[in-house]
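We use all heavy atoms of the structure for the numbers below, so side chains are in, but hydrogens, waters and symmetry mates are not. No experiment lies behind these values; they were computed from the predicted model shown.
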Amino acid sequence: MDKKLQPILEKLEKEIGATVSEYRGDASLVVPAEKVVEACQQVKGLGFELLSAMTAVDYWPQETPRFHVIYQFSSISRNMVLTLRVPLAGVNPSLSTVSHLYRNANWRERELWDMFGIKFNGHPDLRRILMPADWEGHPLRKDYPLGYEEPQFTFNFDEINLRKPYAKE
Amino acid sequence: MLLEYAAIAAFVLVTILIGFIAIGLGTIFGPKHPSAKKEMPYESGMNPIGPGTRRMPVRFYLIAVLFILFDIETIFFLPWALVFRQLGLFGLVEMFLFIAILLVGYFYAWKKGAFEWE
Amino acid sequence: MPDIQEITIDDLKHLVSERAIQGETVLLNMGPQHPSTHGVLRLLLELDGEIVVNCIPDIGFLHTGIEKNMEAKTYQKAEVMTDRLDYLNTVGNNLAYTLAVEKLVDLDVPVRAQAIRVILVELQRIASHLVWLGTSALDLAAMSMFLYCFRERESILDIFELCSGQRMMTTYIRPGGLWRDVPVEFEKAVRHILKTFPRRMDEYEALLTRNPLMLDRTYSIGKLTGEECLSFGVTGPMLRASGIQWDLRKDRPYSGYDQYDFDVPTRTEGDVYARYLVRIEEMRQSLRIVQQALDKLPIGPVRSNNFKFVPPPRSEIGVSMEALIHHFKLWTEGFNAPQGAVYSAVESPRGELGVYLESDGGPKPYRVHWRTPSFDNLQSLPLMAKGVLVADLIAIIGSVDIVLGDVDR
Amino acid sequence: MGVEQKLGNMGAVTTTLEQAVAWSRTNAMWPMLFGLACCAIEMMSAQAAHYDMSRFGMELMRPSPRQSDLMIVAGRVTRKMAPVLRRLYDQMPEPKWVISMGDCASCGGVFNNYAVVQGVDEIVPVDVYVAGCPPRPEALIHGVLTLYEKVKLMKFSEVKK
């Protein structure tokens, strides 16, 4: 882990009570859910101008922190990279928005709502972004089926041909 | 005297005929399967929002009038270009006078900001 | 097959201005099928005559669920999906995914493989910029540019076909190195491009750079300042055209980029013309990198010999027992990656292309998130599109250089 | 077509007329400018100077469905795009054909998941399937020529009423 990151991690650890962990040379902080906006303000103040990525992971059978929302920051002026992980409970997960700090969080939060069902309070326009507006379910959740359809080969051509909904003229 | 105009009459007749033949063959022989969806206005694949006939801003009308004005000016060049040799200097000066008058109108429109969109 | 949803004005109330609701301004769909949206992007425009009052992008028309699909495939098979993401930068996607997997399993890559990777990625950057130049000049009515650019692109695609047998979806870069070594004719073909391409670039510059038509349509249109870019997460040529020098090849080098000297073109105006100049200059810099990489191309293996993760060469399978076991295990079940999460980013022609790869110890990636540059670059479009003529909006969309496979994943 | 609804089958007269109509169709079939994904880039290379689809009568890629006779579905069709594609197909004038370019359009291809329609023939009737991912420009031109064979064999009598 590069040396410039050291003082920042201690500062965040003290003020927000985040736990630091390191893997393959990249530092990541685990922050409780209610302290997200404050952590993001601190991180933005410390020179991380760019919110590179924002995503979530669904640890499905494990119920208590079922989702982890991951913020990936990079600092352009001091050339550093930092990851923020926020564990969320499984039943109607919600988090407060940071789109007022980083404007590209707007669409990313809409994507997380669309794909994982994580609500973001205070988001200006929380609609589905990738799926059609009337789609039920959140596809990237682990309990959402992949939706596999049996492909048509020569050996099963006829059975599938019967029930394949060909378009009428 | 009438004979000279026969050429122009034939010319006009043939052009109109070609127009009607082209469209006529299409409507007579073309297959027609009208359907509700085909009649809907095409808006790059989506449903149009709001009423079809909307109030058009007046600037479109202004641009249309200006276009017609200067387009007809160029149409007057065509017959002039045909007889340009016989007319000699008189024709040249006459045409430049004509252009000058229209240029006055052009600069007036420019000054009044008709070409700016706001 | 569901029909298109009827969208009425009242469910867009919180997005459009007051005048739209009274019907004074027109709500027009610059919809999924439009010649100049560079793919299936739908822009709901609120027009006052020719002026764009408000622009609401609606994406998702090409959402293929690649991230979910990659979770159902082993690490080697999942790489086939990565070509289809940003289909103008297929070799770059492979590199981003491979670097993430190598960082996760801590795999070493031989030096020759790194050099060839750099050559192919830079050639792919030129090919992608050529498609951008061709289509956005076509939007500004420079028809011949489209034909010239695609003529050059063919020579680059021939090189990809030479190495991997496929013009676009090569999957030539594999975890641990390359699929196999480059053929003998590779060097001659690349030298030919290095010789002929600069002259072609001068032709394009002569055609466009000081062309008054191009200047009228692109100069000081769609301006973005550095801070606005960063707050929108815009990276790549758009960020460098607004004066901030941030290029992952220079600032966070990977795959041996620190050995080559090239400079990162930046402009300060941040308008459509500045982005054009930055991309044209980037093509020249990519040529310089390919030149240096080709001159110093080291001799040696192109695949690491850590056979726990990399399939052994065919010659060894008949000879040694372990190679046969590794071969069989890798191709049937794949390798088990250690538990952990990794984020690694590369510089794609559109910006920072990052891969967040998480593994739970099994042979399949537990979660793959693609941080794609066009997704964030597109978010700055409504800001640039306010109060602009529709014709200028088309020039702005061209300069943002979005690829919808990149946006919707 | 309109004429056969009137003329029916008049032996030599309609056959020569059929050949004339088929000649006129196959030499000026304008595709709709409608690229979805990666196959669209290969379609652009097929349209560009090196492979030049215009040699076969596809001079222009008309953006609007009103002026196009052929819809080349170039790329993967997602659930959100399917109704739009059907709407565009409906808005094309009558003698219209569909080429499903690439594996994703023909059978869902690599993407067998919730977001992609497994084969565009569930949405629009397809005339020619072109295999490949993405198919080379020559493969697309071969698909176009097979479509021309199909158009040439079209009889007036069996036209959809």
Heavy-atom donor-acceptor pair, C:Q33 side chain to D:S64 backbone, under 3.5 Å: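 Flag not set: sc C:Q33 to bb D:S64 has no pair under 3.5 Å.
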Options C:M169, C:M168, C:H34, ranked by heavy-atom pairs under 4.5 Å with chain D, top entry: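 Counting heavy-atom pairs under 4.5 Å, the top option is C:M168.
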Contact winner vs chain D - C:G405, C:G39, C:G60, heavy-atom pairs under 4.5 Å: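 It is C:G60.
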Chain D contact via [X] - which portion, at a heavy-atom distance below 4.5 Å:
X      : value
C:F146 : side chain
C:I59  : backbone
C:R84  : both
C:V131 : side chain
C:L404 : neither
C:T90  : neither

Heavy-atom pair with the smallest gap, counting every atom of [X] and [Y]:
X      : Y     : value
D:V116 : C:T64 : CG2-CG2, 3.2 Å
D:L33  : C:P35 : CD2-CB, 3.4 Å
D:L36  : C:Y87 : O-OH, 3.7 Å
D:G35  : C:V40 : O-CG1, 4.3 Å

Best-contacting candidate, D:C104, D:G75, D:P63, against chain C by heavy atom pairs under 4.5 angstrom: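 Among D:C104, D:G75, D:P63, the one with the most close pairs to chain C is D:P63.
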Contact leader toward chain C among D:M44, D:M81, D:K80, where contacts are heavy-atom pairs under 4.5 Å: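 Among the listed options, the one with the most contacts to chain C is D:K80.
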For chain C, which residues of residues 133-144 of chain D have heavy atoms nearer than 4.5 angstrom: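 So the qualifying residues are D:C133, D:P134, D:R136, D:P137.
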Check against side chain to side chain contact (heavy atoms under 4.5 Å, CB included), D:Q47 and C:F150: CA-CA 10 Å; D:Q47 184 75 16; C:F150 270 80; over 6 Å; no
More than 12 heavy atoms of other groups within 6.0 Å of D:R55 CZ: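 Correct, the count exceeds 12.
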Greater than 12 external heavy atoms within 6.0 Å of C:Y148's OH: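 No, because the 6.0 Å sphere around OH of C:Y148 holds 12 heavy atoms or fewer from other groups.
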Part of [X] within contact of chain C (heavy atom distance under 4.5 Å):
X      : answer
D:R76  : both
D:F111 : both
D:A37  : both

Roughly how far, to the nearest 0.5 Å, is [atom2] of [Y] from [atom1] of [X]?
X      : Y      : atom1 : atom2 : result
C:D86  : D:C38  : CG    : SG    : 10.0 Å
C:I66  : D:N113 : CD1   : CG    : 8.5 Å
C:L157 : D:S45  : CG    : OG    : 6.5 Å

Student check: side-chain heavy atoms of D:I41 and C:R153 closer than 4.5 Å: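 Result yes, sub-4.5 Å side-chain heavy-atom pair found.
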Side-chain touch D:H50/C:R151, heavy atoms, less than 4.5 angstrom: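 Answer no - side chains too far apart.
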